[in-house]
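Here is the structure we will look at.
Throughout, protein chains are lettered first and strands after them, A, B, ... in sequence-line order, and every chain is numbered starting at 1.
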2 protein chains.
Amino acid sequence: MEISTKFTVAVHVMTLLALNKDKELTSAYLAGSVNTNPVVIRRIMGQLKQADLILTKAGVAGAVLTRSPEDISLLAIYRAVIQQPTLFGMHQDTNLTCTVGATIQQALEGHLLAAQQAMEASLANVSLADIIASIHVLTNEKK
Amino acid sequence: MEISTKFTVAVHVMTLLALNKDKELTSAYLAGSVNTNPVVIRRIMGQLKQADLILTKAGVAGAVLTRSPEDISLLAIYRAVIQQPTLFGMHQDTNLTCTVGATIQQALEGHLLAAQQAMEASLANVSLADIIASIHVLTNEKK
DNA sequence: ATAACTTGTAACTATAATGGTTACAAGTAG
DNA sequence: CTACTTGTAACCATTATAGTTACAAGTTAT
């Protein structure tokens, strides 16, 4: 199963906040851009707030980023909304009387962690500012 | 959601096949080591066979690897059983009248692909032989 | 104080995915 | 023929995902 779209929706939301930092965007407005229900946006924003990536205020529109886009990595956003320590599921309760059954998890875990970290390092290397730059390029392309 | 345990179970199975290449292991035996139902093993083995990683014969126990463990990467096993072209789910049907809505997928896709490929490259760098070596180390450790 | 708007959260819903089980057809070997 | 094996379909319970509805609490303007 693919990693939840929550992640890309969160990037979408944060991009909008960054590009409209002089405006107070409502969750309804953000939901309109994403084409989803405002509650979905609010949930995600709750997570982003929990992770100190944005500031929000009950009853008041206009969430703001806590940092500049250059200082917000895709990894930080991923961590905020996916909240899953490990990428690979590992089967459990193997037969310990079998040599492989007794050791397979340990034999695998370091390698799986390395693969996960490679993915995470790649995400850490991309900032929200990079996404915004891409959007500017794409927007000019479309004209 | 974590990547399905099918992947680690598949590695488990192939490890057993490699370590017992002089024996005809049944799916029941493999299931015993994994501690699951033989049908689960058979399904996975169907996929491994489809991907030319093992050879099986209807009615006859004793699946064999098609290549030596050094020539079988974790990535090949992952591809055989997970069968999912993209790692990250991307929200669709965004609002095209919004600049961000119109461009976010394209702005993100290259970066997400890079993260996926980083993970895959890491898996490609680990062979079944590496897992077997780890198991030998761990087995000697346990004595 | 009130109305309109906003955020935040719970509960519900439909669907898909996961990981298991049961059943059995088809194939194999003795 | 019998016992065993693989291969596959169908079923099941649970969990996850992504949406909806409802509404309490907070804010702002009048």
Nearest-neighbour nucleotide for the [X] side chain, [options] considered:
X: B:Ala58; options: C:dA23, D:dT20, D:dT6; answer: D:dT6
X: A:Val40; options: D:dT20, D:dT8, D:dG26; answer: D:dT20
X: B:Val60; options: D:dA18, C:dT28, D:dT20; answer: C:dT28
X: A:Lys6; options: C:dG8, C:dA23, D:dA18; answer: D:dA18

Please check if any side-chain donor atom of A:Gln116 sits under 3.5 Å from a side-chain acceptor atom of A:Thr86, or the reverse.
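Short answer, no.
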When you compare the side chains of B:Thr94 and B:Gln105, does any donor N or O come within less than 3.5 Å of an acceptor on the partner?
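On atom types as modelled, these side chains qualify, holding a pair under 3.5 Å.
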For the pair made of [atom1] in [X] and [atom2] in [N], what is the distance, rounded to whole Å?
X: A:Ile41; N: D:dT21; atom1: CD1; atom2: P; value: 16 Å
X: A:Asp93; N: C:dG20; atom1: CG; atom2: P; value: 9 Å
X: A:Met90; N: C:dT18; atom1: CE; atom2: P; value: 18 Å
X: A:Leu55; N: C:dT7; atom1: CG; atom2: P; value: 14 Å
X: B:Arg42; N: C:dC24; atom1: CZ; atom2: P; value: 15 Å
X: B:Leu17; N: D:dT6; atom1: CG; atom2: C1'; value: 14 Å
X: A:Ile3; N: D:dA16; atom1: CD1; atom2: P; value: 16 Å
X: B:Gln47; N: D:dG7; atom1: CD; atom2: P; value: 13 Å

Output the distance between atom [atom1] ([X]) and atom [atom2] ([Y]), rounded to the nearest 0.5 Å.
X: A:Ile77; Y: A:Leu53; atom1: CD1; atom2: CG; value: 6.5 Å
X: B:Ser73; Y: B:Arg67; atom1: OG; atom2: CZ; value: 7.0 Å
X: A:Thr56; Y: A:Met45; atom1: OG1; atom2: CE; value: 6.5 Å

Is any side-chain N or O of [X] closer than 4.0 Å to OP1 or OP2 of [N]?
X: B:Ser4; N: C:dG19; answer: yes
X: B:Lys49; N: D:dT6; answer: no
X: A:Lys57; N: C:dG8; answer: no

Mutual orientation of the aromatic rings belonging to B:Phe7 and A:Phe88 [parallel < 30°, tilted 30-60°, perpendicular > 60°]
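Plane angle between 30° and 60°, so tilted.
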Between A:Gly62 and A:Met1, which has a closest nucleotide on DNA chain C that is more 5'?
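On the 5' side of the pair lies A:Gly62.
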Hydrophobic clusters here meaning ILVMFWY residues chained together by side-chain heavy-atom distances under 4.5 Å, can you tell me if B:Val126 and B:Leu138 are in one?
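No; tracing contacts between hydrophobic side chains, which count when under 4.5 Å, never links both residues.
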Does the base of C:dT18 carry an N or O that pairs as donor and acceptor with the side chain of B:Arg43 under 3.5 Å?
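It does not, because no donor-acceptor pair links the side chain of B:Arg43 to the base of C:dT18 below 3.5 Å.
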Identify, residue by residue, the members of residues 21-38 of chain B with a heavy atom below 4.0 Å from DNA chain C, and return them in order of residue number, or none.
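Going residue by residue through residues 21-38 of chain B, the ones with a heavy atom under 4.0 Å of DNA chain C turn out to be B:Thr36, B:Asn37.
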